[in-house]
Amino acid sequence: MGLGHLLHNNPDPGTDGLTIDHGAGYDVFGVVFFGGRRGRVYRRLAELSGAREGDRVLDIGCGTGYLTRRLAAVVGAGSVAGLDPSAKVLERARAITKEVNCTYTVGVAESLAAADESFDVVANCLMLHHLPEDMRARAVREMWRVLRPGGRLLIGEFRPPANHLGNHLIEALTGPAMANNPLHLLEPMVADAGFERISSGDLHPWIRYVTATKPGAGR
Ligand SMILES: C[S@@+](CC[C@H](N)C(=O)[O-])C[C@H]1O[C@@H](n2cnc3c(N)ncnc32)[C@H](O)[C@@H]1O
């Protein structure tokens, strides 16, 4: 049993995705796992999302809201909607969020309740590998649907260590989804959904990001 299993204990999560239910435990894990670089990495992700003052942003699989709050700092008078299937993890997100422009709602990536073209930016971090592989493309198509033309997508995903020992450790600690994360499928999936201006890069220690734009009017 990996450490991940200690964080997921909802028998009826309302999704085939793997939910996080122990938010406080997840945040402790995050601090240790990122070795002091979590804040820097997530601030950079918020920048890379292209979110600007006044934007409406959706953070899917927001967990305890770590990215949500960093996006909130960027959009000022705009708003950031955090979404997660786990009501328990959202309780913690609400409890530790002081930013008045963040809201948190229960929902799932594969079937977003939001209207078409209702966001300027859609972001998610460390969420897609929580979905079964055959559900990920559907989630990316939903991101496309709720973005306005010209809107921006940011995906942050776990980048497994290249060496065998590191990868075995990750698998033992967190399970196979992170250790075998198929990052090479991200950009094709984003392109298949219809996005353009796709670019990607790495943030140390653990993140591969992909950014893209929905064609149409706007930026
Ligand atoms: C590793 S956490 C990432 C949390 C946060 N984005 C961060 O970077 O700290 C993955 C999150 O995805 C959520 N999740 C699981 N299944 C999901 C689904 N079907 N739709 C949206 N989120 C889901 C989990 O509940 C969990 O909070």
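Note that the coordinates shown come from a computational prediction; the quantities given were computed from them, not determined experimentally. Just follow the structure's listing: the first ligand is 1, and inside any ligand the first atom is 1. Atoms considered below: every heavy atom in the structure, side chains included; atoms not considered: hydrogens, waters and symmetry mates.
Side-chain atoms of Glu171 never come within 3.5 Å of backbone atoms of Ala179 as a donor-acceptor pair (strictly under, hydrogens ignored). Thr97 places no side-chain N or O within donor-acceptor distance of the main-chain N or O of Arg94, the cut-off being under 3.5 Å.
Taking every heavy atom of Met127 and a limit of under 4.0 angstrom, the matching atoms of ligand 1 come to 12 (O), 22 (N). Of all the atoms in ligand 1, the ones that sit under 4.0 Å from a non-hydrogen atom of Cys125 are 3 (C), 5 (C), 6 (N), 7 (C), 8 (O). Interface of Glu110 with ligand 1, defined as ligand atoms under 4.0 Å from a residue heavy atom, comprises 18 (C), 19 (N), 20 (N). For ligand 1, the atoms closer than 4.0 angstrom to any heavy atom of Ala109 are 18 (C), 20 (N), 21 (C). Against a heavy-atom cut-off of under 4.0 Å, Gly63 is close to the following atoms of ligand 1: 4 (C), 27 (O).
Look at Asp27 and Arg38 and you find a salt bridge, because one of the NZ, NE, NH1 or NH2 atoms lies within 4.0 Å of a carboxylate O, short of that distance. No salt bridge links Arg152 with Asp120; every basic N to acidic carboxylate O contact stays at or beyond 4.0 Å.
The protein heavy-atom contact nearest to atom 9 (O) of ligand 1 is Tyr26 OH, 2.9 Å. Distance from atom 14 (N) of ligand 1 to its nearest protein heavy atom, with residue and atom name: Pro85 CD, 3.7 Å. Among all non-hydrogen protein atoms, the one lying nearest atom 16 (N) of ligand 1 is Gly17 CA, 3.6 Å. For atom 8 (O) of ligand 1, the closest non-hydrogen atom on the protein side is Tyr42 OH, 2.6 Å. Summary of contacts: the protein heavy atom closest to atom 27 (O) of ligand 1 is Asp84 OD2, 2.6 Å. Among protein heavy atoms, atom 10 (C) of ligand 1 sits closest to Leu126 O, 3.3 Å. The shortest contact between atom 15 (C) of ligand 1 and any protein heavy atom is with Leu18 O, 3.1 Å. Of the protein's non-hydrogen atoms, Gly61 O, 3.3 Å is the one closest to atom 4 (C) of ligand 1.
Leu67 pairs with exactly one of Val80, Asn124, Asp59, Val57 by the side-chain contact (heavy atoms from CB on, under 4.5 Å) rule, that one being Asp59.
Ligand 1 lies less than 4.0 angstrom from a heavy atom belonging to Leu131.
Between His129 and ligand 1, not a single N/O pair is under 3.5 Å apart. Taking any N or O of Met135, backbone or side chain, none lies under 3.5 Å from an N or O belonging to ligand 1. For ligand 1, the polar-atom distance check against Asp59 finds no nitrogen or oxygen pair separated by under 3.5 Å.
The stretch residues 98-118 participates, sequence neighbours left out, in these salt bridge (charged side-chain N to carboxylate O under 4.0 Å, His left out) pairs: Asp116-Arg145.
Using bins of under 30°, 30° to 60° and over 60° for the plane-to-plane angle, the ring pair Phe33/Phe29 lands in the parallel bin.
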Hey, mind stepping through Asp84 and Ser86 against side chain to side chain donor-acceptor pair (under 3.5 Å) and telling me if it holds?
-> CA-CA 5 Å; Asp84 202 284; Ser86 170; 4.7 Å; no
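For Ala139, no heavy-atom contact with ligand 1 is shorter than 4.0 Å. For Ile20, heavy-atom contacts with ligand 1 shorter than 4.0 Å involve the backbone as well as the side chain.
Under the 4.5 Å side-chain contact rule for hydrophobic residues, Val122 and Leu128 share a cluster.
When side chains are defined from C-beta on, Ser79 does not count as touching Thr103, because their heavy atoms never get closer than 4.5 Å. Contact check for Leu48 versus Arg44: side-chain heavy atoms found under the 4.5 Å cut-off.
Interatomic distance, CG of Leu126 versus CD1 of Ile207, reported as 4.0 Å (0.5 Å rounding).
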